[in-house]
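Below you'll find the structure, written out as structure tokens, and then a few comments.
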Amino acid sequence: MNGLFPLDIVGSDPFARFFLARNRKPWLLALLVFLAGAFFMFGVSAFLGVLFPTEGVRNSLADRFNQANYLFIFPAVGFFYLWQVSAILRVYSAVLDLVTSEKRKKMETQVRELHGQYPWWLSGLGVAILTVGLGLLDNFSHFGEFWYTQNIFTIAIMQLARFFALYVIINAIVRHIVVCANMNRIYGNLTLIVSVATTAQSEAFARISGYALSFAVLGAIAGLNLGLQPVLSVVAMPEYVLFVAIYFTLVPAGFFLPFVQARAKMVEAKSAAMLVLDVKYQREYEFLMDTIRSGGPVAEAEEISARLQTIKDAIDITEKAPTWPFEMLSVYRMSVTVFLPFIVALINFIPTLRSVIFGE
């Protein structure tokens, strides 16, 4: 039985502990974020008279960028923030099932300590505060020009929403990094085999690759904010280029990080298996040659030849065995997922590119 629980995974993150202690349904947090965002975009803006086109003000109905943020992106990252906890528990359960019962309890204790030993949530808090500071400078420089910069109250709500989104995203990323560290440490206590068929090991890796792909999906959802900004936003975030660089570095790395140690051990296992087979194959070949040279019985030579063929088949199968603990299809899916949020921006950029190249 798995001895890990949701509060073990969130560690000292106060918001996650507060919400999980009262309700573990990710969809509920997503719904609350959606309703709050819809109320702000349409209710508050209507009250202030900037819901519909207003002279000198970009109204909220025309603000497609923030509609995407409040009605889809922010609720989605809120959902993942809590859903990730149960997904991580399932990953740990699958991998720890490969550990002997004597080591499992120790591994669970180490997993629990790494998640809870340090205030990881402070990284999310720090990034969120820094981003809000930059956002406030931008908002006050455009005071009264947008529906969300009409007064200090609307600016505060806008930046509170950004604070929530960045806090949730960074903490989900940090939580994922802690999982990767734990995964690689657990692999150090496993003896991985050359997997040429479906085994408990391959099923565990399939679950991990599914989780790693879900992390890429989170990145893509957050990246949608970056991908849509050049198309829908009037004013670009001052930290935009930095966030894009971080996105294209962190999301692909986040997919591969849980498998670093597993990859090394699978290469080691495959090399060891190939060495055994090569030695056995060479010995059988020498037996066959000695039998032929000495004029031994044909039946004995045929028997050795059959063994040689069996070993050769084993060598062929082992050579084809994977050394990455996931299917390449998962890598293709991750790659598409990473670039998907920027497709609209690229399509929108094509006319500009044509004009530069062809002078149109």
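The chain is numbered in sequence order, starting from 1. All values below were derived from every heavy atom in this structure, side-chain atoms included, with hydrogens, water molecules and symmetry-related copies excluded.
Surrounding CZ of Arg185 are more than 12 heavy atoms belonging to other residues, nucleotides or ligands, all under 6.0 Å away. Counting non-hydrogen atoms of other residues, nucleotides and ligands closer than 6.0 Å to CD1 of Ile152 gives a total of 12 or fewer.
With values rounded to the nearest 0.5 angstrom, Leu122 atom CG is found 13.0 Å from Ile170 atom CD1. Annotation: the span from Leu277 atom CG to Ile315 atom CD1 amounts to 5.5 Å, rounded to 0.5 Å. The CG atom of Asp138 sits 10.0 Å away from the CE atom of Met158 when rounded to the nearest 0.5 Å. Summarising the geometry, atom CZ belonging to Phe5 is positioned 9.0 Å from atom CG belonging to Leu89; distances are rounded to the nearest 0.5 Å. Thr318 contributes atom OG1, which lies 11.5 Å from atom CD1 of Ile311 (distance to the nearest 0.5 angstrom). Atom CG in Leu4 sits 8.5 Å away from atom OG1 in Thr109 (nearest 0.5 Å).
Phe339 and Phe248 have tilted rings, their planes meeting at an angle from 30° to 60° on a 0 to 90° scale. Ring geometry for Trp83 versus Phe80: interplanar angle of 30 to 60°, hence tilted. Relative orientation of the Phe259 and Phe255 rings is tilted, given thresholds of 30° and 60° on the angle between their planes.
Residues meeting the salt bridge (charged side-chain N to carboxylate O under 4.0 Å, His left out) test with Asp316, sequence neighbours left out: Lys312. Applying the ring pair (Phe, Tyr, Trp, His ring centres under 6.0 Å) test to His176 and every residue at least two apart in sequence or in another chain returns Tyr211, Phe215. Applying the salt bridge (charged side-chain N to carboxylate O under 4.0 Å, His left out) criterion to Arg112, with sequence neighbours excluded, gives Asp8. Under the side-chain contact (heavy atoms from CB on, under 4.5 Å) criterion, Ala204 pairs with Ala94, Leu98, not counting sequence neighbours.
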Contacts table for residues 28-43: side-chain donor-acceptor under 3.5 angstrom, sequence neighbours left out:
none

Is there a side chain to side chain contact (heavy atoms under 4.5 Å, CB included) between Thr131 and Phe163 once you walk through the steps? CA-CA 7 Å; Thr131 304; Phe163 176 89; over 6 Å; no

Exercise for the section: List the steps and the verdict of side chain to side chain contact (heavy atoms under 4.5 Å, CB included) for Trp121 and Phe15. Expected result: CA-CA 9 Å; Trp121 63 276; Phe15 180 78; over 6 Å; no

Quick one, Lys25 with Leu82, criterion side chain to side chain contact (heavy atoms under 4.5 Å, CB included). Give me CA distance, side-chain angles, the key distance, then yes/no. CA-CA 8 Å; Lys25 297 181 175 62; Leu82 293 185; over 6 Å; no

Quiz item: After noting the C-alpha distance and the side-chain angles of Val179 and Gln84, does the key distance pass the side chain to side chain contact (heavy atoms under 4.5 Å, CB included) rule?
Solution: CA-CA 11 Å; Val179 171; Gln84 183 191 31; over 6 Å; no

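Inter-residue side-chain proximity for Leu224 and Phe72 is flagged as met; some heavy-atom pair is nearer than 4.5 Å. Looking only at side-chain heavy atoms (C-beta outward), Tyr148 and Val50 stay at 4.5 Å or farther from each other. Here the side chains of Phe256 and Arg263 are not in contact, with every heavy-atom distance at 4.5 Å or above. Contact of the Val85 side chain with the Ile88 side chain is not registered, since no non-hydrogen atoms from C-beta on lie closer than 4.5 Å. With a 4.5 Å cut-off on side-chain heavy atoms, Phe74 and Val168 do not count as touching. Looking at Leu51 and Leu61, their side chains come closer than 4.5 Å, going by heavy atoms from C-beta outward. Contact annotation: the side chain of Asn66 never approaches that of Phe146 to less than 4.5 Å [non-hydrogen atoms, C-beta and beyond].
A donor-acceptor pair is defined here as one N or O able to donate and one able to accept, closer than 3.5 Å; such a pair exists between the side chain of Asn151 and the backbone of Thr154. Panel note: side chain Asn184, backbone Leu257; a donor-acceptor pair is recorded below 3.5 Å. No donor-acceptor pair closer than 3.5 Å links the side chain of Thr323 to the backbone N or O of Ala321. Not a single donor-acceptor pair under 3.5 Å links the side chain of Thr337 to the backbone N or O of Ala220. In this structure a side-chain-to-backbone donor-acceptor pair under 3.5 Å is present from Arg58 to Ala62. The closest donor-acceptor contact from the side chain of Gln261 to the backbone of Tyr187 lies at 3.5 Å or more, if one exists at all. Without hydrogens or angle criteria, Ser60 side chain to Ser45 main chain gives no donor-acceptor distance under 3.5 Å. When atom types are taken as modelled, the side chain of Tyr247 and the backbone of Val338 share a donor-acceptor pair closer than 3.5 angstrom. Glu145 contributes no side-chain N or O that, together with a main-chain N or O of Val57, makes up a donor-acceptor pair within less than 3.5 Å. With hydrogens and angles ignored, the 3.5 Å screen pairs a side-chain donor or acceptor of Lys270 with a backbone N or O of Glu319.
For the residue pair Val251 and Ala216, the shortest heavy atom distance occurs at CG1-CA, 3.8 Å.
Judged by a 6.0 Å distance limit and a 45° cone about the ring axis, Arg175 is positioned over the six-membered ring of Tyr81.
At a threshold of 4.0 Å, the pair Glu203-Arg207 does not count as salt-bridged, since none of the basic side-chain nitrogens sits closer than that to a carboxylate oxygen.
Side-chain contact check for Gln309 and Asp313: at least one donor-acceptor pair (N or O, by modelled atom type) lies under 3.5 Å. Counting only N and O atoms by type, the side chains of Tyr167 and Asp13 include a donor and acceptor under 3.5 Å apart.
Residues in residues 292-308 take part in these side chain to side chain donor-acceptor pair (under 3.5 Å) pairs, two or more places apart or across chains: Glu284-Arg307, Asp290-Arg293, Glu303-Arg307.
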